[in-house]
Peer 1: 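What follows is a structure written as structure tokens; I'll ask about it next.
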Amino acid sequence: MEVKKLDYNSITTHHIDIYAFQRDLLTWFQEEQRDLPWRKDKDPYKIWVSEIMLQQTRVDTVIPYFHRFIDKFPTIEALAQAEEEQVLKSWEGLGYYSRARNLQAAVREVHEKYGGIVPDNPKDISSLKGVGPYTAGAILSIAYGLPEPAVDGNVMRVLSRILLITDDIAKASSRKIFETAVRDLISHDNPSYFNQALMELGALICTPTSPSCLLCPVREHCQAFFEGKQTELPVKMKKKKQRIVQLASILLSDKEGRLVIQKRPSEGLLANLWEFPNIEISLQYMTEKEQLSTAIKNQYDTHIENIEMIGKIQHVFTHLTWNINVYQAKIDKIREQKNVKQVTLEEIKAYPFPVSNQKMLKQYLDSNHL
DNA sequence: TAATCGTGGAT
DNA sequence: TATCCAAGATT
């Protein structure tokens, strides 16, 4: 039996039988792994798509998106040649939309620069847009079988407990500690299963609150379980409060019932998605309706009448909250403008919208019995 | 390093 | 209801 000594912080020294640990973890994964759509084959493109979608996103949420996305863009070439708007539409509701735009940009680079072959080395794959340390390691290990660490939140939680690592996992610098640990622990016979098993263990057994230690296949290797500290780990700093912004959005319909939509800027929040006209409400002498009316007249150079509120929506982001009052009004034809369109209720279905705006459209349809 | 960037489910 | 937070990357 080989026992290797590992030091990952100044507090404790860890002893772990690496091969027994690998054996217990891999045997468990072999038996208990979930049947997930991106585990059907080792197509690097599909692995890649799944890893991007899974960033900060639950497996159950991703599954239907993954099916639709691969169905629509089955290959590198298909995604490379697609319109960005189509890609964003496929991503609608999944969040973090720069993931979709970065993925397509990176796929186009692979198509042109690498002949459609996803790079199989850390340097090249890490240079692709949207491919950070985790995703690079995930693709290299899962698709190409290379012994590279793929450290995500699961891995940090699991290893913080097994190795009693007390570094704050909210700090970016902590990831390297865990990558060092994975390089020491990883199975060179099956890096793909090893990395996936650590994540699967985190998802199914070694959960954030109330981990199922009695069902854990590696509990005899777990320092936290031995010391009864599993619920004290990982150490993670709390984040501060987000700010709140008051908005007024408005669905503007002309005589044919067409609605005004506008494309958001190409950078920042909800970049390149479409939305209904809106303003940030400030505390001043004008009422909300007056502020809206003035803004619409200035922006679209049109006559506006019958402004009425039809509902309220709260759009909660990670770092801010929009409290939106939703209005509707009648207008004439608007002045032609870039990134502004008047579309029918049929045409509007082709445009990617944030979830908040999808809810607004529902409110509009309901309140007008459409 | 610390903010920014979505959404919905779990507790 | 409030908070956390889920297979992170970018700036």
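Only heavy atoms go into these numbers, but all of them, side chains included; no hydrogens, no water, no symmetry mates.
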Peer 1: Could you give the distance separating B:dG6 and C:dT11 at their P atoms, to the nearest angstrom?
Peer 2: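 Pairwise P distance, C:dT11 against B:dG6, rounds to 13 Å.
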Peer 1: Among all residues two or more places apart in sequence or in another chain, which pass the side chain to side chain contact (heavy atoms under 4.5 Å, CB included) test with A:Arg58?
Peer 2: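 Side chain to side chain contact (heavy atoms under 4.5 Å, CB included) check on A:Arg58 returns A:Thr61.
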Peer 1: Could you tabulate the donor-acceptor pairs under 3.5 Å formed by side-chain atoms of residues 325-335 of chain A, not counting sequence neighbours?
Peer 2:
from: A:Asn325; atom 1: OD1; to: A:Lys312; atom 2: NZ; distance (Å): 3.0
from: A:Asn325; atom 1: ND2; to: A:Glu288; atom 2: OE1; distance (Å): 2.9
from: A:Asn325; atom 1: ND2; to: A:Glu288; atom 2: OE2; distance (Å): 3.1
from: A:Tyr327; atom 1: OH; to: A:Glu288; atom 2: OE1; distance (Å): 2.7
from: A:Gln328; atom 1: OE1; to: A:Asn368; atom 2: ND2; distance (Å): 2.7
from: A:Gln328; atom 1: NE2; to: A:Glu308; atom 2: OE2; distance (Å): 2.7
from: A:Arg335; atom 1: NH2; to: A:Gln299; atom 2: O; distance (Å): 3.1

Peer 1: Quick one: salt bridge (Lys or Arg N to Asp or Glu O under 4.0 Å) partners of A:Lys341, sequence neighbours excluded?
Peer 2: none
Peer 1: At 4.0 Å (heavy atoms only), tell me whether A:Arg39 reaches a base, stays on the sugar-phosphate, or touches nothing.
Peer 2: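 Counting heavy atoms under 4.0 Å across all strands, the contact made by A:Arg39 includes a base.
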Peer 1: To the nearest Å, how far apart are A:Ile324 CD1 and B:dG6 C1'?
Peer 2: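 In whole Å, B:dG6 C1' and A:Ile324 CD1 are 13 Å from each other.
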Peer 1: Provide, to the nearest angstrom, the distance between the CZ atom belonging to A:Phe317 and the C1' atom belonging to B:dT7.
Peer 2: 10 Å
Peer 1: Just checking A:Phe317 against A:Trp322, ring centres under 6.0 Å apart?
Peer 2: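 Ring centroids of A:Phe317 and A:Trp322 are less than 6.0 Å from each other.
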Peer 1: Within residues 134-147 of chain A, which residues have any heavy atom lying less than 4.0 Å from an atom of DNA chain B?
Peer 2: none
Peer 1: Within less than 4.0 Å of OP1 or OP2 of B:dA3, is there a side-chain N or O belonging to A:His319?
Peer 2: no
Peer 1: Tell me: CD of A:Gln242 to P of B:dG6, nearest whole Å?
Peer 2: 14 Å
Peer 1: When you measure from the centre of the six-membered ring of A:Tyr65, is the NZ or CZ of A:Arg68 under 6.0 Å away and within 45° of the axis?
Peer 2: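 Judged by the rule, A:Arg68 and A:Tyr65 form a cation-pi pair.
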Peer 1: Can you find a side-chain donor-acceptor pair between A:Glu51 and A:Tyr134 that sits under 3.5 Å?
Peer 2: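 Checked: A:Glu51/A:Tyr134 side chains pair up, N/O donor to acceptor below 3.5 Å.
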Peer 1: Tell me whether the centres of the aromatic rings in A:Phe353 and A:Phe276 are closer together than 6.0 Å.
Peer 2: yes
Peer 1: With a non-hydrogen cut-off below 4.0 angstrom, is A:Arg34 in contact with a base, only sugar-phosphate, or nothing?
Peer 2: base
Peer 1: When the P atoms of B:dA10 and C:dA7 are compared, how many Å lie between them, rounded to an integer?
Peer 2: 14 Å
Peer 1: Can you tell me, in whole Å, how much space there is between the C1' of B:dT1 and that of C:dA6?
Peer 2: 23 Å
Peer 1: NA contact type, A:Trp91, heavy-atom cut-off 4.0 Å: base, sugar-phosphate, or nothing?
Peer 2: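 Counting heavy atoms under 4.0 Å across all strands, no contact is made by A:Trp91.
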Peer 1: Under the side-chain hydrogen bond (donor to acceptor under 3.5 Å, both in side chains) rule, collect the residues that match up with A:Thr57, sequence neighbours excluded.
Peer 2: A:Arg99
Peer 1: Look at A:Glu92 together with A:Lys89 and state whether they make a salt bridge at an N to O cut-off of under 4.0 Å.
Peer 2: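 Answer for the salt bridge query: yes.
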Peer 1: Salt-bridged, A:Arg183 to A:Glu148, with N to O below 4.0 Å?
Peer 2: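 Yes, A:Arg183 and A:Glu148 are salt-bridged.
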Peer 1: Among A:Tyr19, A:Trp28, A:Phe21, which one satisfies ring pair (Phe, Tyr, Trp, His ring centres under 6.0 Å) with A:His221?
Peer 2: A:Phe21
Peer 1: Tell me which of A:Lys171 and A:Thr318 sits closer to the 5' end of DNA chain B, going by the nucleotide each one is nearest to.
Peer 2: A:Lys171
Peer 1: Going by number, which of residues 42-68 of chain A have a non-hydrogen atom under 4.0 Å from DNA chain B?
Peer 2: A:Gln56, A:Thr57, A:Arg58
Peer 1: In chain order, what residues pass the side-chain hydrogen bond (donor to acceptor under 3.5 Å, both in side chains) check against A:His111, with sequence neighbours excluded?
Peer 2: none
Peer 1: Hey, any chance A:Met53 and A:Ile139 share a hydrophobic cluster, counting ILVMFWY side chains that come within less than 4.5 Å of each other, even indirectly?
Peer 2: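 Result: yes, single cluster for both.
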Peer 1: Without hydrogens or angle criteria, can the side chains of A:Thr321 and A:Gln242 be said to hold a donor-acceptor pair below 3.5 Å?
Peer 2: yes
Peer 1: Are A:Phe73 and A:Ile117 connected, step by step, through hydrophobic side chains (Ile, Leu, Val, Met, Phe, Trp, Tyr) whose heavy atoms are closer than 4.5 Å?
Peer 2: yes
Peer 1: Round to a whole Å and report the spacing from CZ of A:Arg175 to P of B:dA2.
Peer 2: 15 Å
Peer 1: When you compare B:dC5 with C:dC5, how far apart are their C1' atoms, in angstrom units rounded to a whole number?
Peer 2: 15 Å
Peer 1: Any salt bridge (charged side-chain N to carboxylate O under 4.0 Å, His left out) pairs touching residues 100-112 of chain A, not counting sequence neighbours?
Peer 2: A:Glu109-A:Lys113
Peer 1: So which heavy atom on A:Leu273 is nearest to which on A:Pro354, and how close?
Peer 2: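 For A:Leu273 versus A:Pro354, the nearest heavy atoms are CD2-N, 3.6 Å.
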Peer 1: Between which nucleotides of DNA chain C, read 5' to 3', does contact with chain A run, using atoms under 4.0 Å from its heavy atoms?
Peer 2: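 First and last nucleotides in contact are C:dC4 to C:dT10.
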Peer 1: Output the residues of residues 200-216 of chain A in contact with DNA chain B, where contact means a heavy atom of the residue under 4.0 Å from an atom of the strand; sort by number or write none.
Peer 2: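 Of all residues in residues 200-216 of chain A, none places a heavy atom under 4.0 Å from DNA chain B.
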Peer 1: Determine the contact category for A:Leu36: base if any of its heavy atoms lies under 4.0 Å from a base atom, sugar-phosphate if only primed atoms, P, OP1 or OP2 are that close, otherwise nothing.
Peer 2: base
Peer 1: Of all of residues 265-273 of chain A, which get a heavy atom below 4.0 angstrom from DNA chain B, listed by number?
Peer 2: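 DNA chain B contact set from residues 265-273 of chain A: A:Gly268, A:Leu269, A:Leu270.
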Peer 1: With a 4.5 Å cut-off on side-chain heavy atoms, are A:Lys359 and A:Gln363 touching?
Peer 2: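 A side-chain contact is absent here, since even the closest heavy-atom pair is not under 4.5 Å.
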Peer 1: Does anything in residues 348-362 of chain A come within less than 4.0 Å of DNA chain B? Heavy atoms only, and list the residues if so.
Peer 2: A:Pro354, A:Val355
